[in-house]
Amino acid sequence: MTVSPVPPGALDGRVAVITGGSSGLGRAGAKRFAAAGAKVAIGALQPAEGAEVAAEITAAGGEAFYLDTDVRSPADVAALLRGRHERCH
């Protein structure tokens, strides 16, 4: 399978909410969305790793934040979405 590159700036002004963004496919997705210009809200249960991904995105010139999020918890998901709204406007 070949993945087509997303041009830089293709997602300017957009916000991506990535759960499981501290490792694996979530981490790769967060970085890919950021590289295309999206602001990225990262939710996961690995604080050190999640903060690292957000820091890497920020260091590369993007905008990102991490919030502890258990997707089994409606309150956690609501907090992530509130954070996205508050921090990404």
Please write out which residues are connected to Ile42 in a hydrophobic cluster, directly or through intermediates, given that two of Ile, Leu, Val, Met, Phe, Trp, Tyr count as joined at side-chain heavy-atom separations below 4.5 angstrom.
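Joined to Ile42, directly or through intermediates: Leu11, Ile18, Phe33, Val40, Val53, Ile57, Tyr66.
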Restricting to salt bridge (charged side-chain N to carboxylate O under 4.0 Å, His left out), what partner residues turn up for Glu52, sequence neighbours left out?
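Listed in chain order: Arg27.
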For Asp70, check salt bridge (charged side-chain N to carboxylate O under 4.0 Å, His left out) against everything at least two apart and list the hits.
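With sequence neighbours excluded, Asp70 shows a salt bridge (charged side-chain N to carboxylate O under 4.0 Å, His left out) to Arg72, given in chain and number order.
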Where at least one partner belongs to residues 7-21, residue pairs that pass salt bridge (Lys or Arg N to Asp or Glu O under 4.0 Å), sequence neighbours excluded:
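Sorted pair list comes back empty.
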Can you sort out the partners of Ala78 under side chain to side chain contact (heavy atoms under 4.5 Å, CB included), two or more places apart, ordered by chain and number?
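Applying side chain to side chain contact (heavy atoms under 4.5 Å, CB included) to Ala78 gives Arg82.
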Under the side chain to side chain contact (heavy atoms under 4.5 Å, CB included) test, which residues partner Ala60, sequence neighbours left out?
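Residues passing side chain to side chain contact (heavy atoms under 4.5 Å, CB included) with Ala60: none at all.
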Of all the heavy-atom pairs spanning Ala44 and Gly21, show the shortest one and how long it is.
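It is CB-N, 4.0 Å.
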What heavy-atom pair brings Phe65 and Gly83 nearest, and what distance separates the two atoms?
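Smallest heavy-atom distance, with atoms named: CZ-C, 3.4 Å.
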CG (Leu45) with more than 12 external heavy atoms under 6.0 Å
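Above 12, so yes.
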Could you tell me if the side chain of Val17 sits less than 4.5 Å from the side chain of Leu80, heavy atoms only?
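Contact flag for Leu80/Val17 side chains = yes.
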Would you please say whether a donor-acceptor pair under 3.5 Å links the side chains of Ser22 and Gln46?
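Ser22 vs Gln46: donor-acceptor pair found between side chains.
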Do Leu67 and Val77 sit in one hydrophobic cluster, given that two such residues count as connected whenever their side-chain heavy atoms are within less than 4.5 Å of each other, even indirectly?
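Same cluster.
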